[in-house]
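A short write-up of the structure that comes next.
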Amino acid sequence: MGLERFVRVNAVLVPILVVAGYLLLDYIPLLIWFFGVAYVTFAAFICLLWGLSVASLKIRP
């Protein structure tokens, strides 16, 4: 999977995981909660860096 595809998939997946985690907070086992938070943090960081990279390429003359 390319980086752009990873970002596009996570642009949909991360908000779904955050809402599901919030709604099911009492029912998610602690180990899964840690992995979920780690994945959401990683995916958000990669998406942010990719977005800044694309924006900087569009700004350059």
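In terms of hydrophobic clustering, with Ile, Leu, Val, Met, Phe, Trp and Tyr side chains grouped at heavy-atom distances under 4.5 Å, W33 and L24 are assigned to a common cluster. The hydrophobic clustering, which links ILVMFWY residues whose side-chain heavy atoms are closer than 4.5 Å, places I46 and V18 together.
Taken from CG in L3 to SG in C47, the straight-line distance is 8.5 Å, to the nearest 0.5 Å. Between L52 atom CG and I59 atom CD1 the span is 9.5 Å, to the nearest 0.5 Å. Note that CD1 of I28 and CG of L23 are 9.0 Å apart. Values are rounded to the nearest 0.5 Å.
Other members of the hydrophobic cluster containing L31, listed by chain and number, are F35; membership follows side-chain contacts under 4.5 Å among ILVMFWY residues, whether direct or relayed.
Listed here is the closest heavy atom pair of S53 and S56: O-OG, 2.9 Å.
At a threshold of 4.5 Å between non-hydrogen side-chain atoms, the residues F42 and V37 do not count as touching. Side chains of N10 and V40 form no contact here, defined as non-hydrogen atoms less than 4.5 Å apart.
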(message) F6 vs L13, test: side-chain contact (heavy atoms from CB on, under 4.5 Å). Steps then yes/no.
(response) CA-CA 10 Å; F6 177 80; L13 185 62; over 6 Å; no
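Remark: F34 CZ is loosely packed, at most 12 non-hydrogen atoms of other residues, nucleotides or ligands lying under 6.0 Å away.
For V54, the side-chain contact (heavy atoms from CB on, under 4.5 Å) partners at least two apart in sequence or on another chain are W50, K58.
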